[in-house]
Amino acid sequence: MIDYIKGELTELTPAVAIVEAAGVGYALNISLNTFSAIQGKNNVKLYVHEQLVTGGRDDSFTLYGFSSKQEREFYRLLITVSGVGANTARMILSAMSPAELSNAIVNGDERLLKGVKGIGLKTAQRIIVDLRDKAAQLDLQLSADSPAGGAAQANVLSVEAKAVHDEAIAALTMLGFSPAPTAKVVNALLHDNPSLPVEQVVKMALKQIK
């Protein structure tokens, strides 16, 4: 079992990080929180969750990477909830930080959870009921503004709108959204604010794509 991978960050998108360790390049699916935390770094340490799917025509082995143990624990808690799969859990952790998610669960904030694409009222209620006690026990040691807020602010002026547009659409497509409605939402967001960083565009788009 892999607990973490530590090495050189050779490629990074809002959805995937490739880390080279001991000559092997590991592709890890990541959330926007992790993307923001490791963006601009040469060497990283990502905590790993392994997913093995068997029984179909082809078995699949997928790695998920997280910048903190706290985020990984929340991911593992989320996928235990009926109706919350791997991609939905990753979208939840892309739409809000672990601290924000913990507050939403502990305080029973159905509205905030329903704001994430793919989360309806029943699923939001199920997340709250199933995870409230467990979320309260996790020591996040994070603030709602960090690390995503600082990373986004630092990159606002350094990323051109066209590059952000293409990268955001690619990330959302990898999360399972159709390119056409995705492009419409991303175009509108960048039209209103062309200096938005890619992680913020994806985070806002997750709440608007129909």
Side-chain angles (χ1 to χ4, degrees), residues 11-18 27-40 62 64-67 71 74-75 78-79 81 83-105 109-121 123-124 127 142 144-210:
E11 294 183 38
L12 179 65
T13 74
V16 177
I18 298 180
L28 302 103
N29 291 324
I30 60 174
S31 70
L32 284 178
N33 282 305
T34 291
F35 172 79
S36 296
I38 66 177
Q39 192 177 31
T62 305
Y64 293 86
F66 305 91
S67 62
E71 188 181 21
F74 260 113
Y75 177 85
L78 286 168
I79 60 175
V81 178
V84 178
N87 273 338
T88 301
R90 184 160 60 138
M91 277 190 278
I92 292 172
L93 289 168
S94 292
M96 61 187 81
S97 70
E100 290 170 329
L101 176 59
S102 177
N103 288 334
I105 293 172
D109 192 341
E110 299 172 355
R111 180 192 58 78
L112 187 59
L113 290 170
K114 283 173 56 185
V116 179
K117 179 68 176 178
I119 301 296
L121 176 60
T123 302
I127 290 172
L142 295 171
D145 298 325
S146 177
Q153 186 64 30
N155 288 279
V156 163
L157 301 177
S158 64
V159 182
E160 295 185 2
K162 182 63 173 66
V164 171
H165 172 276
D166 294 343
E167 198 167 1
I169 291 177
L172 289 161
T173 301
M174 291 181 70
L175 287 172
F177 295 101
S178 299
T182 295
K184 183 177 180 181
V185 170
V186 170
N187 286 338
L189 289 170
L190 288 173
H191 181 269
D192 293 339
N193 192 343
S195 64
L196 282 173
V198 63
E199 64 266 32
Q200 191 66 26
V201 172
V202 175
K203 183 176 290 189
M204 294 171 67
L206 286 172
K207 300 179 181 180
Q208 296 184 29
I209 299 174
K210 303 298 183 182

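Note that this is a predicted model, so its numbers are computed, not measured.
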When rounded to the nearest 0.5 angstrom, what is the spacing between [atom1] in [X] and [atom2] in [Y]?
X	Y	atom1	atom2	answer
L93	E100	CG	CD	11.0 Å
M204	L32	CE	CG	12.5 Å
L172	K117	CG	NZ	11.0 Å
E71	R90	CD	CZ	11.0 Å
N87	I79	CG	CD1	11.5 Å
N103	L112	CG	CG	9.0 Å

Got a sec, which residues hit ring pair (Phe, Tyr, Trp, His ring centres under 6.0 Å) with F177, two or more places apart in sequence or on another chain?
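Applying ring pair (Phe, Tyr, Trp, His ring centres under 6.0 Å) to F177 gives none.
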I'd like to know whether I105 forms a side-chain contact (heavy atoms from CB on, under 4.5 Å) with I127, so could you lay out the CA-CA distance, the side-chain angles of the two residues, the decisive distance to 0.1 Å, and finally the verdict.
CA-CA 7 Å; I105 293 172; I127 290 172; 4.0 Å; yes
Please list, chain by chain and in numerical order, all residues satisfying side-chain contact (heavy atoms from CB on, under 4.5 Å) with I169, sequence neighbours excluded.
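By the side-chain contact (heavy atoms from CB on, under 4.5 Å) rule, I169 matches H165, T173, T182, A183, V186.
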Mind checking side-chain contact (heavy atoms from CB on, under 4.5 Å) for A124 and listing every partner two or more places apart, or none if nothing turns up?
L113, K114, I119
Minimum heavy-atom distance [X]-[Y], with the two atoms named:
X	Y	value
V16	A27	CG1-CB, 4.4 Å
S97	N33	CA-ND2, 3.5 Å
S94	L206	CB-CD1, 3.8 Å
M174	A15	SD-CB, 4.2 Å
P98	F74	O-CE1, 3.7 Å
V84	A89	CG1-N, 4.0 Å

Does the side chain of [Y] come within less than 4.5 Å of [X]'s, by heavy atoms?
X	Y	result
V198	F35	yes
T123	T88	no
Q200	N193	no

Could you please spell out the steps behind the side-chain contact (heavy atoms from CB on, under 4.5 Å) verdict for L101 and L78?
CA-CA 10 Å; L101 176 59; L78 286 168; 3.9 Å; yes
Any side-chain to backbone donor/acceptor pair from T34 onto S67? Under 3.5 Å, distance only.
yes
